[in-house]
There are 2 protein chains.
Amino acid sequence: MKWDALEDEPCSLARTVAVIGDRWSLLILRECFLRIRRFDVFQASLGITRHLLADRLKKLVRFGVLRRIPYQESPKRYEYILTQKGLDLYPIIMSIVHWGNIHMVDSRGRPMLHEHKNCGRMFDPVMVCSECGEPLTAKAVHVHPGPGARRSSPVHAKAQTPSRRTVRSG
Amino acid sequence: MKWDALEDEPCSLARTVAVIGDRWSLLILRECFLRIRRFDVFQASLGITRHLLADRLKKLVRFGVLRRIPYQESPKRYEYILTQKGLDLYPIIMSIVHWGNIHMVDSRGRPMLHEHKNCGRMFDPVMVCSECGEPLTAKAVHVHPGPGARRSSPVHAKAQTPSRRTVRSG
DNA sequence: GATTGACCGTTCTAAAATAGAACTGTATCA
DNA sequence: TGATACAGTTCTATTTTAGAACGGTCAATC
C-alpha cells in the first residue's frame with residue numbers, strides 16, 4: 001500500500017495516519033509544540049537527516065499542519081509554525097505522551113511533567129465523552145457506520161454527529 | 001536514528017513512537033479495537049503484506065501491547081488480543097480518529113460514528129485536565145523537566161506527578 | 001486415500017525509503 | 001579575506017517494504 005492510498009481510505013484513522021503516521025512527523029510535531037520553528041534547530045534537536053527533515057516539513061506544510069512563514073529577506077529564511085489544524089493535533093500528542101508516562105518510564109520516573117496554567121496543578125490528560133463528560137473506555141463505545149462509510153447503510157442514516165461541544169486544542 | 005534508539009530517549013513521546021509510530025502498527029491496532037484477532041483477517045482487511053504483518057504482530061507482542069493466545073491445538077493457532085497496556089492505547093486511537101473526523105472528511109461526512117453506551121449518545125472525545133476537568137489546549141500547558149529528564153534540574157525537583165485520577169481506557 | 005481449502009506464517013527479489021556525509025548558495029561577522 | 005549561520009540539495013550505501021510465491025499442518029470433502 002502506498003501512502004497516498006491511505007488518504008483516500010474511508011477511515012478517519014487511516015487519513016490521519018497518512019499525515020502523521022511516521023515517527024519523524026510525530027517527533028517534529030513534538031518539537032513544534034515545544035516552540036521549535038527553524039530548520040537547523042529541528043535538525044540539531046532531533047538528529048534527523050536534513051534530507052528527511054526537508055521532506056517531512058514539506059509534507060506537513062502541504063497538509064496544512066504547518067505554515068511556512070518568512071522571517072527575513074535576503075537570504076530568504078522561513079519558520080515553520082503550527083496552523084490551527086496543527087494545534088488541533090495536541091490531544092494526539094498528549095495522549096501519546098501520557099501512554100509513555102504510564103507504560104514506558106524507567107525507575108527514574110517521567111522525563112517531563114505538565115502543568116495546567118488554568119488550575120496551576122500538575123496533571124494528566126483524561127479523555128472524556130463530549131456528551132456526558134464521563135471518561136471513555138473502549139468497551140463503552142459502540143461503532144456505527146457514518147455517512148462517509150464505504151457502503152452507505154441507510155439503516156444507520158439517522159445517526160448524527162455529536163453536538164458542537166467539540167473542542168479545539170491549541 | 002534506529003528504532004531501538006527511540007526507546008531509550010528521555011521522552012515519553014519518543015518511547016511510545018518506538019512502539020506505535022509506524023502506519024501499520026496503528027492500522028493493526030485499529031483492527032484490534034474493532035475486535036479483529038486473527039492473522040488472516042488482519043491481512044485481508046488491511047491489505048498489508050504477510051511478511052510485515054507477522055513482523056508487526058511480533059513487535060506488538062514483544063512490547064506487551066498484544067498477547068498471543070492459542071485458540072486451538074493441532075495445528076497450533078493463535079489469536080492476538082489487546083492486553084491492558086494495549087487497551088490503554090484507546091485515547092491515542094480515538095484522538096487520531098477525531099482529528100481525522102474534523103480535518104480530513106470529504107463532503108460525504110464521517111466514515112464512522114461513535115456511540116457512548118453509558119449515555120447512549122453519539123459523541124466526540126474531549127481531552128480534559130485530570131485535576132480541574134477543563135478541556136486542554138496547548139497554550140494552557142506549561143512543561144517542566146521531570147525526574148527522568150536527561151539532565152536532572154534540581155530546581156524543578158519539587159514538581160510532582162499528578163494525583164491518581166489517571167484513567168485507564170479499555 | 002487423495003484432494004481441497006483454511007490457517008499462519010517464511011522466503012525470495014525488486015522497488016522504495018532512509019542514513020550519513022558532502023556540497024551549494026546567500027549573507028553576516030571579525 | 002576567511003569563518004560562521006542558515007536552509008536546504010545531491011550523492012551513494014544500507015535498510016525497509018512491496019508483491020508474489022512457497023511450505024507445512026490439519027480438517028473436511030470427494
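Letters A, B, ... mirror the listed sequences (proteins, then strands); counts begin at 1.
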Problem set entry | Range on DNA chain C touched by chain B - first to last nucleotide, heavy-atom distance under 4.0 Å | C:dC7 to C:dG20
Exercise. Rounded to whole angstroms, how far apart are CD1 on A:Ile48 and C1' on D:dG8?
Worked result: 13 Å
Problem set entry | Heavy-atom donor-acceptor pair, A:Ser130 side chain to B:Pro125 backbone, under 3.5 Å | no
Exercise. For B:Val65, does its backbone N or O pair with a side-chain atom of B:Arg67 as donor and acceptor, under 3.5 Å?
Worked result: no
Exercise. Do the ring planes of A:Phe42 and A:Tyr80 sit parallel (below 30°), tilted (30 to 60°) or perpendicular (above 60°)?
Worked result: perpendicular
Problem set entry | A:Leu66/A:Cys32 under side-chain contact (heavy atoms from CB on, under 4.5 Å): CA gap, chis, key distance, verdict | CA-CA 9 Å; A:Leu66 297 180; A:Cys32 291; 3.7 Å; yes
Exercise. Does the ring of A:Tyr71 carry A:Arg38 above it, NZ/CZ under 6.0 angstrom from centre and within 45° of its axis?
Worked result: yes
For this session: Would you please test B:Arg15 and B:Asp8 for salt bridge (Lys or Arg N to Asp or Glu O under 4.0 Å) and show each step?
Result: CA-CA 7 Å; B:Arg15 290 173 187 163; B:Asp8 302 326; over 6 Å; no
Exercise. Between the main-chain N or O of A:Trp99 and the side-chain N or O of B:Lys85, is there a donor-acceptor pair closer than 3.5 Å?
Worked result: no
Exercise. What's the verdict on side-chain contact (heavy atoms from CB on, under 4.5 Å) for A:Met112 and B:His144, showing C-alpha distance, side-chain angles and the deciding distance?
Worked result: CA-CA 6 Å; A:Met112 276 190 176; B:His144 300 268; over 6 Å; no
Exercise. Is it true that a side-chain atom of A:Lys59 and a backbone atom of A:Ala54 form a donor plus acceptor pair closer than 3.5 Å?
Worked result: no
Problem set entry | cation_pi(B:Arg68, B:Tyr78) dist<6.0 Å, angle<=45 | yes
Exercise. Taking DNA chain D as the partner, which of residues 55-65 of chain B come within under 4.0 angstrom of it by heavy atom?
Worked result: B:Arg56
For this session: Scan nucleotides 2-7 of chain D nucleotide by nucleotide, 5' to 3', and note B when protein non-hydrogen atoms come under 4.0 Å of the base, S if they reach only the sugar-phosphate, - if neither.
Result: ----BB
